[in-house]
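A quick write-up on the structure given underneath.
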Amino acid sequence: MTGWTRPRGLVTRGAMLLALCAPPAHAHPHFHFTYQFEPVVQAEGLSGLRVVWWVDALASAQIRQAADVNRDGQLDATELAAFARGNDRLMRMQRYFISALPVGVTAPLEFEVAAALSAEDHTERGIRLSFELRFAAPVQGGAVRLRMFDPTWNVALTPHATVLPQPGCRSLRQDATLATVGWGEQLVATMLIECPPANSIRPLAQLRNPSRTHDQETQK
C-alpha cells in the first residue's frame, strides 16, 4: 500500500508478551491494548510522540503471573524492568506496530524509539507500557496520520477516548477497514494529530479530505 509501511516480520502467538502467556490457539486477537498519544512539540513543530499502552485485564493478569519470577504475588521494579527490556527488543523489530504519514505527503515518516519501553503495574487499570518516538525531522505543517495496526491480528490496538493534551494540538479519529493476515478485514483506527505553529492552525475539517485518501486504502 503506497504511503504506509507494514511492521516488519510477523509476531508469533504470544511474542508480544515474551511468549509468557498462552491463550487458546483459536482465539484472535490474543491481546487488546488501548493507546494514547502525547505529542512532543518543539520550536520547529511536532517532533515526536510519547505513547502509552494500557493492557487489557486478562493479559495483565497473565503478565503478573508469568513475569512474577520470585512468586511473591506482585511485580516489583526489577521484574517489570526485565519484562519491558525483552518486549522492547521484540517491538523494535515490529516498529511498534506504528505507521506515520504526514498529511499531503506520500512517503512515510521515519522515526526512532527515543525512550525504550517501560512497564508499570497499576493494579486497578492493568499493566501500562510506555515509550517515546522521535521523528527524523519535525513534521512540516504540523499534521500527521498515525496508525497502530498488527496485520497478523495477534494484538488489537484501539485508541483511548482522548489524546493526551498538548497546548495548540488537536486530534481526530478516522476508521478504515484493513486486511489482516489470515483473519479477514478488521476495523482499524487512524489518529490524525495536528500541532502546527500557533499562528497557522487550520481547522481539522480541512484535513478530512486530502487529495489522496489513505484511510480508504486496504493494506495488502
Side-chain angles (χ1 to χ4, degrees), residues 4-9 11 15-20 31-56 59-60 63-64 67 69 75-102 108-123 125-140 142-150 154-171 189-196:
W4 289 96
T5 57
R6 167 185 279 182
R8 301 182 186 126
V11 180
M16 174 59 208
L17 302 180
L18 295 179
L20 295 176
F31 311 109
H32 295 264
F33 296 173
T34 57
Y35 61 83
Q36 290 178 307
F37 293 131
E38 180 183 1
V40 178
V41 182
Q42 297 180 342
E44 298 83 3
L46 181 60
S47 61
L49 298 165
R50 297 185 184 93
V51 185
V52 173
W53 287 346
W54 288 100
V55 184
D56 69 275
S60 291
I63 293 169
R64 292 189 187 102
V69 177
L75 295 182
D76 58 31
T78 299
E79 290 165 336
L80 286 165
F83 176 78
R85 282 196 303 273
N87 281 280
D88 185 64
R89 291 192 295 270
L90 288 168
M91 289 301 95
R92 285 175 188 267
M93 294 172 59
Q94 305 302 324
R95 300 288 287 169
Y96 274 83
F97 299 127
I98 294 179
S99 295
L101 190 69
L109 185 63
E110 294 298 324
F111 61 83
E112 64 176 356
V113 179
L117 189 71
S118 65
E120 299 174 273
D121 188 1
H122 294 247
T123 305
R125 291 199 60 182
I127 302 294
R128 187 179 79 167
L129 307 174
S130 57
F131 55 98
E132 185 173 324
L133 301 181
R134 180 180 298 133
F135 300 144
V139 177
Q140 298 297 319
V144 61
R145 296 176 187 275
L146 297 154
R147 176 176 291 159
M148 278 195 154
F149 174 53
D150 173 15
N154 285 287
V155 182
L157 297 140
T158 306
H160 194 66
T162 60
V163 171
L164 297 179
Q166 183 68 275
C169 296
R170 294 182 289 179
S171 64
T190 296
M191 295 301 296
L192 175 62
I193 296 179
E194 183 189 30
C195 296

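The first residue in the sequence is number 1, and the count goes up from there.
- The minimum heavy-atom distance between Ala59 and Phe31, with the atom names listed, is CB-CD2, 3.8 Å.
- One finds the CD atom of Gln36 at 10.0 Å from the CE atom of Met191 (value rounded to the nearest 0.5 Å).
- The distance from the CD atom of Glu194 to the CG atom of Leu192 is 7.0 Å, given to the nearest 0.5 Å.
- If you take CD on Gln42 and CZ on Arg134, they are separated by 8.0 Å, rounding to the nearest 0.5 Å.
- What you find for Leu157 and Phe149 is that their closest heavy atoms are CD1-N, 4.0 Å.
- Counting heavy atoms from C-beta outward, Arg50 and Val40 have side chains that approach closer than 4.5 Å.
- When all heavy atoms of Val139 and Pro102 are compared, the pair lying nearest together is CG1-CB, 4.2 Å.
- The main-chain N or O of Ile127 is never found under 3.5 Å from a side-chain atom of Asp121 such that the two would form a donor-acceptor pair.
- Ring pair Tyr96/Trp53 is tilted by interplanar angle, where 30° to 60° counts as tilted.
- For the side chain to side chain contact (heavy atoms under 4.5 Å, CB included) criterion with Leu109, the lone passing option out of Leu46, Val144, Leu101, Ile98 is Val144.
- Under 3.5 Å, the side chains of Ser118 and Ser130 contain a donor-acceptor pair of N or O atoms.
- Phe37 has its side chain out of reach of His160: every pair of non-hydrogen atoms, C-beta onward, lies at least 4.5 Å apart.
- Side chain of Arg95 to main chain of Phe111: a donor-acceptor pair is present (N/O by atom type, distance under 3.5 Å, no hydrogens or angles).
- Using a 4.5 Å heavy-atom cutoff, the side chains of Met148 and Val51 are in contact.
- The side-chain heavy atoms of Thr34 and Pro159, taken from C-beta on, include no pair separated by under 4.5 Å.
- Looking only at side-chain heavy atoms (C-beta outward), Met91 and Phe131 stay at 4.5 Å or farther from each other.
- Shown here for Arg147 and Ala189, the closest heavy-atom pair between the two residues is CG-O, 4.0 Å.
- At a threshold of 4.5 Å between non-hydrogen side-chain atoms, the residues Thr158 and Trp54 do not count as touching.
- Separating the CD atom in Gln94 from the CG atom in Asn154 is a distance of 9.5 Å, to the nearest 0.5 Å.
- For the atom pair Leu90 CG and Arg85 CZ, the distance stands at 13.5 Å (nearest 0.5 Å).
- His122 places a side-chain heavy atom less than 4.5 Å from the side chain of Glu120.
- Each of Leu133, Leu49, Thr190 was scored for a side chain to side chain contact (heavy atoms under 4.5 Å, CB included) with Leu146, with one residue passing: Leu49.
- Each of Val55, Asp150, Val52 was checked for a side chain to side chain contact (heavy atoms under 4.5 Å, CB included) with Phe33, and the lone residue meeting it is Val55.
- Atom SG of Cys169 sits about 9.5 Å away from atom CD of Glu38, to the nearest 0.5 Å.
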